[in-house]
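Letters A, B, ... mirror the listed sequences (proteins, then strands); counts begin at 1.
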Amino acid sequence: MINDLPKYIIICLSCTIVIEIIISIILKVRDKKDLINIMLANTLTNPIVVTIPFSLNIFYGIKYYYLSLIILEILTIFVEGLIYKKYLKYRNINPYILSLILNVASYGIGLIINRFI
Amino acid sequence: MKKRILNLLIGIILLIPINVKADMGAPVIQSYEAVVTKDNATLYKYDYDKEELEVITTIPKGTKVEVIYEEKHNNALYGNVVYKESSNYLIKISDLMLANAKFDLNKAYNVPKTKVYVCSDDVYLYNGPSKTYSKVSNEAIPRGTILTYELVDSDSEESETLWAYTTYNGKSGWVYKFQAEDGFYEGISGIASIVTKDVDAKALTIKDITELREMPSKKSKTIAVNIPKYTELDYQYYTYSIYDFGFGYVYVTYNNISGWLKVGEDEGLWKERDAKILTLNDSISLYNDIYSDNKEISNIPKNSELNYSYSYNKDNTCWFYVTYNNKKYWLKAINRDTNNDGYNYENIAISTDTSYYSYEYLTINDIQLYENESLKSNVLTTIPKDTKLKGEYEYVLEDEQGHLYTLLYVKYNNYQGWIKSESHDLAELEDNKVKVLYDKKVLYEKPDTTSIIVANIPVDTELNTTYYYYDKQTWYYTTYNGKSGWIKGDNIARKTSGKYKVKNNKSFNVFEKPDRFSNIIFTLQEGNIIEPTYTYYNSNSKHNYYYITYNNKSGWFEMDYDKLQEIYNEEEYNPNIIKNPNNSTPNTPNEQPLPNINKDKNKNSKLSVKEIILYSIIGAACLSITALTTILLLNKKKNKQNSDNVSN
């Protein structure tokens with residue numbers, strides 16, 4: 001499993017981008033640059049959210065995994081919200097709410113996928 | 001864009017089965033890849049009805065096949081191969097060339113450190129566990145050499161593995177454990193086992209022996225000797241057929257002459273476990289010689305108990321070498337052979353010492369004790385339920401309708417007699433430790449859910465169980481808080497033992513419950529040594545889970561021998577044999593140290609766990625920085641464009 005960490009990071013990032021882009025399109029984000037910004041925002045946050053809890057789990061146990069995951073997910077919503085506020089043309093939904101929706105959706109769908117792998 | 005997203009999605013979906021497949025277990029027998037070297041090589045299938053090879057098709061030169069195992073037909077070696085996803089095709093090994101010149105030692109299996117004795121002149125080191133691999137050297141390992149090995153070619157029983165990885169004269173390779181000149185069918189080893197401390201290594205000659213063999217083979221040169229029949233001899237080394245465990249050779253010394261004696265056939269017998277015979281009537285006679293009908297002693301009294309340690313089967317007769325009034329005799333018994341268990345003789349019963357089962361029971365119901373080995377004989381008494389009994393002799397009875405019953409000879413109070421061995425009347429002794437999983441357990445008075453509830457046992461309680469009972473479901477007899485009773489066998493983990501090490505470059509998750517969908521508690525890394533305490537078979541996921549405590553954290557992991565290697569205690573050899581090899585041994589035993597495979601693996605190991613994590617974090621940070629820079633650049637450009645548009 002540990003040897004697969006780099007592969008795991010790539011798979012998680014790819015899945016997150018795919019899911020969030022699909023959800024964004026469903027939420028009527030149509031501008032190409034907006035979609036690219038969403039993709040880049042995820043590329044900024046997701047590898048860190050995946051790597052740090054994973055590493056803490058290995059060295060300090062599952063409690064630290066969950067604790068760091070919660071903190072990082074909240075930070076992610078905030079950072080992505082900030083990026084969306086600053087750079088997205090899309091204004092149908094509050095950028096922070098959009099970030100929350102996208103992250104909750106990708107995390108939830110990710111959990112479902114994990115259950116079947 | 002939509003098309004790109006779709007392609008990405010397809011790519012991810014395709015990745016999933018690759019990951020799942022990578023985690024699947026290895027085959028039981030090590031396979032290897034080979035390439036067909038002959039133009040239009042013939043592919044056969046074996047017809048089991050006609051007992052001959054049937055030509056199926058031809059395959060072109062250069063075709064890659066996977067050889068699952070090797071088998072011999074008409075004195076030629078064939079590879080049992082997978083071709084076009086179909087298995088059980090046969091192709092001549094001589095028509096194949098290995099795809100890889102050397103066998104990957106990571107695919108080998110650990111066994112306890114074992115010493116063996118080279119007993120023939122044609123033992124060579126090969127580059128892999130098959131004769132298809134090239135020889136490491138054309139020099140045969142000299143007869144008399146003692147080799148040591150810890151790796152074998154398959155994870156089946158050690159006695160069934162065919163190849164062992166060893167080192168001789170600084171060169172390492174695989175030796176075939178069954179390669180003497182007698183050939184594949186007889187299966188006599190070119191490598192002999194060395195007697196360990198727990199083996200009572202004795203053999204008995206059953207005819208006058210005039211010659212011993214230099215090698216354990218019928219074609220071997222012989223050495224003149226004069227050993228009278230019925231002489232008991234100690235042996236140092238032994239070897240046996242993989243197809244017939246009753247037949248083999250032992251290395252004996254008599255009057256300073258050493259050589260190989262054939263045992264299990266007409267020359268000699270292996271010593272068996274000490275056991276007893278109970279005579280069931282007065283018709284039993286004793287003989288001095290198995291080749292003569294002259295009775296030495298007639299009419300041994302009924303219920304006599306005679307010790308024996310050798311037996312010799314000939315046609316339907318079995319001869320037991322017994323002690324009677326401190327003298328040795330042969331007891332002749334007719335083998336009824338009605339159930340092929342080998343312990344079904346006329347007029348005698350064999351003690352249960354011969355079996356590995358305890359034959360100790362707890363009665364579940366009241367049962368009758370019969371005077372003789374017949375259900376029509378007098379009932380001596382009724383043994384009440386909850387009585388502890390030991391079956392001392394076993395006798396198979398066939399009634400008039402042809403039904404077979406097993407009767408057990410037991411002692412109860414002042415009575416001695418026979419009980420019918422019925423599974424619903426008897427619980428078997430089986431000391432064990434169990435752990436209650438998932439939910440509380442109900443302790444019943446009897447192995448019956450309608451009986452009185454004695455207590456409720458909370459989840460995670462560890463219990464000692466003493467008896468095992470099966471009647472539609474499994475039950476265990478246990479004591480909890482001073483109250484005894486029965487618990488159902490479901491959702492119970494059983495005590496296990498063993499020591500394992502996580503293989504190099506392997507790691508796996510330890511779960512909160514014996515279920516892969518439960519929370520991951522921690523991850524075991526390469527080199528971690530674990531000692532599981534309980535095992536549980538999860539029938540939903542069809543996996544065996546093992547419970548461990550490691551660094552004060554406990555959890556369950558799925559057993560996977562691809563990731564774990566078992567750590568064994570070393571076998572204890574008879575020190576006299578190792579230190580003082582027999583003078584007649586052609587070459588001085590030359591023990592070769594085995595290279596430390598694990599150290600080599602560490603040297604070759606790519607990255608440590610910390611390094612992988614560090615590089616992953618650096619990689620993740622680089623990705624994030626790149627993304628951030630791209631966002632800034634992209635939007636700076638956009639803002640510039642916007643401001644240009646405004647100024648225009």
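Remark: B:Ser624 OG to A:Leu40 CG distance equals 11.5 Å, nearest 0.5 Å. Here the CD1 atom belonging to A:Ile10 is positioned 6.0 Å from the CG atom belonging to B:Leu623, to the nearest 0.5 angstrom.
For the pair B:Thr630 and A:Thr43, the minimum side-chain heavy-atom distance is 4.5 Å or more. Proximity of A:Phe54 to B:Ile617: side-chain heavy atoms (C-beta onward) are nowhere separated by under 4.5 Å. Put simply, the side chain of B:Leu634 reaches to within 4.5 Å of the side chain of A:Asn37, judged on heavy atoms.
The two residues B:Ala620 and A:Ile48 come nearest to each other via the heavy atoms CB-N, 4.3 Å. Minimum heavy-atom separation, B:Ile613 to A:Ser55: CG2-OG, 3.2 Å.
Residue contact with chain B, scored on non-hydrogen atoms closer than 4.5 Å, involves the side chain of A:Ile83 exclusively. Neither the backbone nor the side chain of A:Ile19 comes within less than 4.5 Å of any heavy atom of chain B.
For B:Lys513, the NZ atom counts as loosely surrounded, since its 6.0 Å shell holds 12 or fewer non-hydrogen atoms of other residues, nucleotides or ligands. Residue-environment remark: CZ (A:Phe78) stays at or below the threshold of 12 foreign heavy atoms within 6.0 Å.
Screening A:Ile52, A:Val50, A:Thr51 against B:Ser616 for a side-chain contact (heavy atoms from CB on, under 4.5 Å) leaves a single residue, A:Thr51.
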